[in-house]
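Positions are given from 1 along the sequence.
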Amino acid sequence: MAGHSKFKNIMHRKGAQDKKRSAMFSKLSREITVAAKMGMPDPDMNPRLRAAVNAAKAQSMPKDNIQRAIDKASKGDGENYEEVRYEGYGPGGVALIVEALTDNRNRTATNVRTAFSKNGGNLGASGAVSHGFERLGLIEYPGKVGDEEKVLEAAIEAGADDVESDEESHSIWVSVDSLHEVARELEKVLGEAEGVKLAWKPSLKTEVDEATAATLLKLIDTLDDDDDVQTVWGNYEIPDDVMEKLG
């Protein structure tokens, strides 16, 4: 079990999403609808839907919005979204994986390629960078649920593989197959998680300097701003002092 990782640097999720609440709600709604269409429209019977609903609740998404997104799937309303993954290199050779839910692959591919090319990156072929990541389950809790020791103990008991903690959050890594089982066990001790999802964990991280970080974060913000893009993962590590300078 490892500790004190700067995982928040791996998945950039603050700036753009905090500023654009409605865009974030739109992405959360899309994930809820897709999850409900792929399984039962009941969160208790559908682990992916349960995770999506919990993620929406963690962002204070109104209950009516959540129910509307589930109902849309039940009635067969709205667009048919498909999951697409893009891989490429950002500034400084940082490896990035972009996960999207789209109803128009051509539009999304064009937007993602443009974002990379305008911000010091290059979009690669499928499999270009994912070999440097491991596909795992990730369960996230805010720091306030307890100290590192408490969370580590709960995670070991629940069958987790690794825990990374800092002052703000706890990231609990598990095998893909055991994700929802471990999440259920953790919920008994720590309460509902902020996030339960499939994730890309880099085998090695690349530390970036201030100039590279500034361009990289601009690229990630541009991707985040796209309605089709759900998550951006990377193998970068931005030192705390650099993050402070960049604000």
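Between Lys27 and Glu99 there is no salt bridge, since no side-chain N of the basic residue sits under 4.0 Å from a carboxylate O of the acidic one.
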- request: Test side chain to side chain contact (heavy atoms under 4.5 Å, CB included) on Glu31 and Lys197 and set out the steps.
  value: CA-CA 11 Å; Glu31 169 61 19; Lys197 66 189 85 170; over 6 Å; no
- request: Check step by step if side chain to side chain contact (heavy atoms under 4.5 Å, CB included) holds for Arg85 and Ser130.
  value: CA-CA 10 Å; Arg85 185 175 86 232; Ser130 54; 3.8 Å; yes
query: Step by step, would you call Val189 with Glu153 a side chain to side chain contact (heavy atoms under 4.5 Å, CB included)?
result: CA-CA 10 Å; Val189 183; Glu153 190 176 321; over 6 Å; no
- request: May I have the step-by-step check of side chain to side chain contact (heavy atoms under 4.5 Å, CB included) for Asn65 and Arg68, ending in yes or no?
  value: CA-CA 5 Å; Asn65 294 37; Arg68 261 200 308 275; 3.2 Å; yes
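To the nearest 0.5 Å, atoms OH (Tyr89) and CG (Asn235) are separated by 9.0 Å. Separating the CD atom in Glu149 from the OG atom in Ser165 is a distance of 11.0 Å, to the nearest 0.5 Å. How far CG of Asn111 is from CG of Asp225: 11.0 Å, rounded to the nearest 0.5 Å. Remark: Ser169 OG to Tyr141 OH distance equals 13.5 Å, nearest 0.5 Å. Once rounded to the nearest 0.5 Å, the distance linking CD of Glu237 with CD of Glu207 reads 6.5 Å. A distance of 6.5 Å separates CG of Asp228 from CG of Asp103, quoted to the nearest 0.5 Å.
Summarising the local packing, CD of Glu157 is surrounded by 12 or fewer heavy atoms from other residues, nucleotides or ligands at distances under 6.0 Å. Heavy-atom neighbours of Asn104 CG from other residues, nucleotides or ligands within 6.0 Å: above the threshold of 12. Atom CD of Glu181 has 12 or fewer heavy atoms from other residues, nucleotides or ligands within 6.0 Å. Heavy atoms from other residues, nucleotides or ligands lying under 6.0 Å from CD of Glu210 number more than 12.
Summarising the geometry of Asn119 relative to Thr215, their closest heavy-atom pair is O-CG2, 3.5 Å, with the distance given to 0.1 Å. When all heavy atoms of Gly88 and Val129 are compared, the pair lying nearest together is O-CG1, 3.6 Å. Heavy-atom minimum distance, Leu223 versus Val98: CD1-CG2, 3.9 Å. When every heavy atom of Ser126 is checked against every heavy atom of Glu87, the shortest pair comes out as C-OE2, 4.1 Å. Scanning all heavy atoms of the two residues, the minimum distance from Trp200 to Arg135 falls at NE1-NH1, 2.9 Å. Of all heavy-atom pairs spanning Trp173 and Ala199, the tightest one is CZ3-CB, 3.7 Å.
Hydrophobic clustering of Ile, Leu, Val, Met, Phe, Trp and Tyr side chains at less than 4.5 Å, counting indirect connections, keeps Ile32 apart from Met40. At a threshold of 4.5 Å between side-chain heavy atoms, the hydrophobic network of Ile, Leu, Val, Met, Phe, Trp and Tyr places Val182 and Val176 in one connected group.
When atom types are taken as modelled, the side chain of Asn46 and the backbone of Ala35 share a donor-acceptor pair closer than 3.5 angstrom. Side-chain atoms of Thr206 never come within 3.5 Å of backbone atoms of Tyr236 as a donor-acceptor pair (strictly under, hydrogens ignored). No side-chain donor-acceptor contact under 3.5 Å links His180 to the backbone of Ala51. With Asp161 contributing its side chain and Ser175 its backbone, the two residues share a donor-acceptor pair below 3.5 Å. Without hydrogens or angle criteria, Gln230 side chain to Leu101 main chain gives no donor-acceptor distance under 3.5 Å.
By the salt bridge (Lys or Arg N to Asp or Glu O under 4.0 Å) test, Glu83 is found to be paired with Arg48, residues two or more places apart in sequence or in another chain being considered.
Between Thr108 and Tyr86 the shortest side-chain heavy-atom distance falls below 4.5 Å. Contact annotation: the side chain of Thr222 never approaches that of Asp226 to less than 4.5 Å [non-hydrogen atoms, C-beta and beyond]. You'll find the side chain of Leu138 reaches within 4.5 Å of the side chain of Ser171, heavy atoms only. The shortest side-chain heavy-atom distance between Glu82 and Thr102 falls under the 4.5 Å cut-off. Side-chain contact between Lys218 and Pro91 is absent, with no heavy-atom pair separated by less than 4.5 Å.
The side chain to side chain contact (heavy atoms under 4.5 Å, CB included) test with Ile172 is passed by exactly one of Leu179, Asp162, Val151: Val151.
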